[in-house]
Enquirer: 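The structure that follows is given in the form of structure tokens.
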Amino acid sequence: MRKFIVLLILAVLGYFMFDIFSGLHLGEPHFVNGVKDFYLSKTVSDLHVANTITSIVVNFRGFDTLGEVTVLFLAVSAMGSVLYKKRHEAGTRTVLFASSNIVRSGSKLLFPAIMLLGAYVFIHGHLSPGGGFQGGTIIATGFLLMLLAYRDFKVSHHILSYVESFAGIIFVVVGLFGFMGGGTFLQNFMPAGELNELFSGGVIGIIYVMVGFKVAAELTGLIYTILHEKD
Amino acid sequence: MIYVILIIFLLLLMVGAAVYAVVQKDLLYAVIATGVISLVLTVMFYILQAPDVALTEAAIGVALTTIIFLITIRNTLRHEDEYYKNDKLKTPSK
């Protein structure tokens with residue numbers, strides 16, 4: 001039964017893939033010439049996105065972004081699987097010396113501000129410079145600061161893995177919603193809204209928030225694993 | 001004109017830091033030099049009107065990579081030629 005369901009899903013995906021790629025006519029000159037002008041004109045007129053780079057990365061090249069996120073996930077999971085057996089228990093690492101009171105108080109003050117900056121960067125990815133990757137790395141930097149300052153700062157690997165998995169699943173599900181109405185994978189199916197408003201650009205906001213959560217969870221887990229490695 | 005001078009200065013700083021990182025035997029200083037390269041590269045990206053890339057470079061290049069290298073140095077050896085001077089390390093353990 002399970003094999004049958006898997007075969008059915010694969011057949012549906014294969015049908016749509018064949019449908020898309022058979023109509024593409026790869027190698028024709030219109031792939032070389034007009035793409036950049038198309039991107040620049042469509043970004044403002046159709047998508048109402050202020051940041052052109054975001055519209056290219058998430059909307060026109062959304063599949064590439066999914067691949068990048070997958071590569072990051074593979075790297076982090078490989079690292080975790082190598083280092084999993086030889087790590088300290090939480091709160092008992094001997095890697096770093098104890099930090100002073102000034103560092104601890106200062107990092108406690110800075111931590112919420114860094115979280116806020118990261119969240120701002122990935123929520124406003126389609127309006128201002130930045131996006132999911134940038135915001136996620138900023139949030140991971142905040143967790144790194146806390147892990148360096150406090151020896152017993154704990155991050156739950158279960159919560160990290162749940163956040164990471166759900167963010168990836170929602171990314172793919174939003175992509176699959178693009179099939180509605182005869183579109184393609186990661187097609188922009190939501191209304192575009194007004195230029196320079198927070199709720200504009202269709203699916204770009206959702207996808208970048210999910211990418212931000214995913215990158216933040218992956219990099220935080222990576223840092224946590226490295227910091228708890230035994231000699 | 002001032003931009004040209006600034007860009008030339010930054011590029012020379014990057015090349016100097018890179019050469020220092022290769023030549024230096026103390027790996028802690030070499031890692032700090034690579035952090036300096038990333039910092040200057042962030043400023044370069046900002047001057048060249050790529051603030052997206054500048055944000056990424058600032059977060060990953062300056063903070064995360066440097067810290068990961070520092071942790072690695074703390075877990076292994078600090079000096080490049082320490083491995084060959086130390087007789088105990090020449091024979092593989094176990």
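Lettering follows sequence order; numbering is per chain, from 1.
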Enquirer: Shortest non-hydrogen contact from A:Pro129 to B:Leu55?
Expert: O-CD1, 3.7 Å
Enquirer: Side chain, backbone, both or neither: which part of A:Ile223 has a heavy atom under 4.5 Å from chain B?
Expert: side chain
Enquirer: Counting neighbours of OH on A:Tyr162 that are heavy atoms of other residues, nucleotides or ligands and sit closer than 6.0 Å, is the number greater than 12?
Expert: no
Enquirer: What do you reckon, is CZ of B:Phe45 surrounded by more than 12 foreign heavy atoms closer than 6.0 Å?
Expert: yes
Enquirer: In terms of heavy-atom contacts, does CZ of A:Phe122 have more than 12 from other residues, nucleotides or ligands at under 6.0 Å?
Expert: yes
Enquirer: Got a sec: does the CZ of A:Phe111 have more than 12 other heavy atoms crowding it under 6.0 Å?
Expert: yes
Enquirer: Taking all non-hydrogen atoms of both residues into account, name the closest pair between A:Gly130 and B:Asp52 and its distance.
Expert: N-OD2, 3.1 Å
Enquirer: For the CD1 atom of B:Ile67 and the OG1 atom of A:Thr141, what is their distance to the nearest 0.5 Å?
Expert: 9.5 Å
Enquirer: Other residues, nucleotides and ligands only: do more than 12 of their heavy atoms fall within 6.0 Å of CD1 on A:Ile159?
Expert: no
Enquirer: Please check if atom CD1 in B:Ile5 has more than 12 non-hydrogen atoms from other residues, nucleotides or ligands closer than 6.0 Å.
Expert: yes
Enquirer: What part of A:Leu144 gets within 4.5 angstrom of chain B, counting heavy atoms only: side chain, backbone, both, or neither?
Expert: side chain
Enquirer: Which distance, rounded to the nearest 0.5 Å, do you find between the CD of B:Glu57 and the OG1 of A:Thr137?
Expert: 10.5 Å
Enquirer: What distance do A:Ile226 atom CD1 and B:Ile68 atom CD1 have between them, rounded to the nearest 0.5 Å?
Expert: 4.0 Å
